[in-house]
Amino acid sequence: MSGLVAVGALATAGAAAADDAPQRQGGATATIGGLKTYGAAVVHDNGVDQQVSAGLFEMSVDGGGMLQTYCIDLHNPTQRDAQYQETSWSGTSLNGNKDAGKIRWILQHSYPQVNDLAALADMAGAHGLTEQDAAAGTQVAIWRYSDGADVDAVDPRAEKLADYLQKNARNVAEPKASLTLDPPAVSGHAGERLGPITVHTDADSVTVTPPADAAASGVKVVGKDGKAITSAANGSRLYFDVPKDATNGSAALTVQASTTVPVGRAFASGTRSQAQILAGSSESTVSATATANWAKVGAIPALSATTNCAKGGVDVTATVTGDAPFTFELMGAEHTVAAGKSLTVTVPLQEDQAYDFTLTGPNGFEKHFTGMLDCKTQGSASDITTQTVGEPSPALASADSTGDTNLAETGGSGATPIIAGIAVALVLIGGAAVFLLRKKKAPAQN
């Protein structure tokens, strides 16, 4: 039985105060551990051959659970212990990639989703296929579509699998998020029900609890009938029921569920750490956050932000309720949104650079946005690493994975990695890897 908990935190600084509650698309948040099951591959680029590790990464989910992922961003490094957030393809380098659906097909038809190695070997004509071969071959096939890379697996069996997967891959639809709230921000007058906020989840059932201080504040989480929510499901609509005498303020609503994350979901990091795509998930904790602002009079803004890789930036959306327009300044430009209207402003950002900017409004209103834009696959063979930065050489990169990870969708736990001497191009400055001189690569040809 999957469960979901909604909690709220009320701020009493007034409608003009900063709304700093975190906002994200929702889903699983996880910390990358490193390569766990892998083999060797060679990337060919302009006469340069670079040998790299190729295979499955493992991530630990915040709140419980384990994920297995493949890389979809060959030319970026992987930072040890980097935090990742489940996201849509549009928020990663898969945006605009006509072959993105083929990557999901590969994930569905190869290791670890297909963990009958004998059957997989028969399909690919790769007798004697090992877990390491299967992981390496799958990663190679993915790179050919995600990065347009000219790459081969070193082991002949892994190479046969890669060729088989590439040849047979078909475009399939992007999977839905494990859990989201839509919209991520609402606003309105005190004395009203603010919403609706719709729950989208693949969890079987969910439970909802009111804000911890609901008794003191009087703010409740209710359904469309106005009754306090104690249980909900996919498609349920949630509202903040704000008392008429409530002082100007805000609340944050966080929902949590336990479910398996759909294969093919992308994962992006807020640091410069290569994007990943999900190959397998245990029962894992997922969450999402929405906010509400209210006031008695004046402009009442609801603010949200999403990555827009198509435009190379972040879309900041302001939706205004109340009885007055809302004027704000963002990146040196002033914008005004009439009451009852919405405005989306795209903030252009530099690829692979951390950003931190602030939206300001009247009476000290502020909203901060931080993160990193990672929308492109680019570089050359000399830039490549699938090694986790800060780990020892690839021969020692993966600790023996003996713990029970209970990967429900993979049918097994983490596998013991092979020991392989695989050179990785790293330039170390003060213990941090710096990767330079990257250029855009051409897409793979079918």
Side-chain angles (χ1 to χ4, degrees), residues 24-25 27-39 52-87 89 91-94 103 107 111-112 135-136 138-139 142-143 146-147 178 260-282 284-287 307 352 354 371-374 377 384-394 396-403 405-407 409-410 413-417 422 424 426 431-433 435:
R24 52 188 176 80
Q25 292 179 320
T29 301
T31 302
I32 198 163
L35 282 166
K36 295 300 178 181
T37 308
Y38 63 93
V52 297
S53 307
L56 276 170
F57 288 86
E58 191 170 277
M59 293 189 186
S60 300
V61 179
D62 293 358
M66 298 297 296
L67 307 177
Q68 290 178 312
T69 61
Y70 286 106
C71 163
I72 53 170
D73 194 3
L74 177 60
H75 298 284
N76 267 331
T78 306
Q79 303 291 342
R80 172 179 279 282
D81 297 328
Q83 285 280 316
Y84 280 79
Q85 174 63 47
E86 180 185 342
T87 188
W89 290 354
T92 71
S93 56
L94 293 180
I103 297 173
L107 294 166
Y111 184 78
T138 305
Q139 177 66 92
I142 289 171
W143 277 334
S146 66
D147 292 73
S178 59
T260 54
V261 182
V263 168
R265 286 295 288 170
F267 279 78
S269 175
T271 61
R272 190 187 171 199
S273 192
Q274 60 188 192
Q276 305 280 316
I277 194 163
L278 187 72
S281 169
S282 71
S284 298
T285 300
V286 296
S287 62
T307 300
D352 290 337
M372 176 170 287
L373 190 72
D374 183 10
T377 58
I384 295 168
T385 177
T386 58
Q387 176 67 22
T388 303
V389 173
E391 288 187 347
S393 65
L396 302 175
S398 301
D400 184 22
S401 181
T402 57
T405 57
N406 189 30
L407 294 175
E409 293 195 358
T410 71
S413 62
T416 304
I422 302 173
V424 177
L426 292 175
F435 298 82

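Reckoned from all heavy atoms, side chains included, excluding hydrogens, waters and symmetry mates.
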* Asked: Is there a side-chain contact between Ser178 and Arg265 (heavy atoms, below 4.5 Å)?
  -> no
* What residues, two or more places apart in sequence or in another chain, satisfy side chain to side chain contact (heavy atoms under 4.5 Å, CB included) together with Thr285? -> none
* Side-chain heavy-atom pair Gln274, Thr78 within 4.5 angstrom cut-off -> yes
* Asked: Which pair of heavy atoms, one from Gln85 and one from Ala28, lies closest together, and at what distance?
  -> NE2-O, 3.4 Å
* **Audit row: Ser269, Met372, side-chain contact (heavy atoms from CB on, under 4.5 Å) steps and yes/no** => CA-CA 8 Å; Ser269 175; Met372 176 170 287; over 6 Å; no
* Just wondering, do Arg272 and Pro77 contact through their side chains at under 4.5 Å, heavy atoms? -> yes
* Asked: Minimum heavy-atom separation for Gly264 to Trp89, with atom names?
  -> O-NE1, 2.9 Å
* Criterion side-chain contact (heavy atoms from CB on, under 4.5 Å) on Ile72 and Ile142, from CA distance to verdict -> CA-CA 7 Å; Ile72 53 170; Ile142 289 171; 3.9 Å; yes
* To do: Using the side-chain contact (heavy atoms from CB on, under 4.5 Å) rule, take Asn76 and Asp374 through it: C-alpha gap first, then chi angles, then the decisive distance, then the call.
  => CA-CA 9 Å; Asn76 267 331; Asp374 183 10; 3.4 Å; yes
* Asked: To the nearest 0.5 Å, how far apart are CD in Gln276 and OH in Tyr84?
  -> 4.5 Å
* Donor-acceptor under 3.5 Å (Ser273 side chain, Gln79 main chain) -> yes
* Asked: Nearest heavy-atom pair of Leu278 and Val263: which atoms, and what distance?
  -> O-CG1, 3.6 Å
* To do: For residues Thr138 and Leu56, determine if any side-chain heavy atom of one lies less than 4.5 Å from a side-chain heavy atom of the other.
  => no
* Asked: For the residue pair Cys71 and Phe57, what are the closest heavy atoms and their distance?
  -> CB-CE1, 4.2 Å
* **Over all atoms of both residues, closest heavy-atom pair of Tyr70 and Gly55** => CD2-O, 3.4 Å
* Structure fact -> Applying side chain to side chain contact (heavy atoms under 4.5 Å, CB included) to Ser284 and not counting sequence neighbours gives Val61, Leu67, Ser281, Ser282
* Structure fact -> Tightest non-hydrogen contact, residues Ala135 and Tyr111, listed as N-CD2, 4.1 Å
* For Trp143 and Val52, what are the C-alpha separation, side-chain angles and deciding distance, and is it a side-chain contact (heavy atoms from CB on, under 4.5 Å)? -> CA-CA 12 Å; Trp143 277 334; Val52 297; 4.1 Å; yes
* Interatomic distance, Gln139 atom CD to Ile277 atom CD1 [nearest 0.5 angstrom] -> 10.5 Å
* Whether Gln83 side chain and Thr29 backbone form a donor-acceptor pair below 3.5 Å -> no
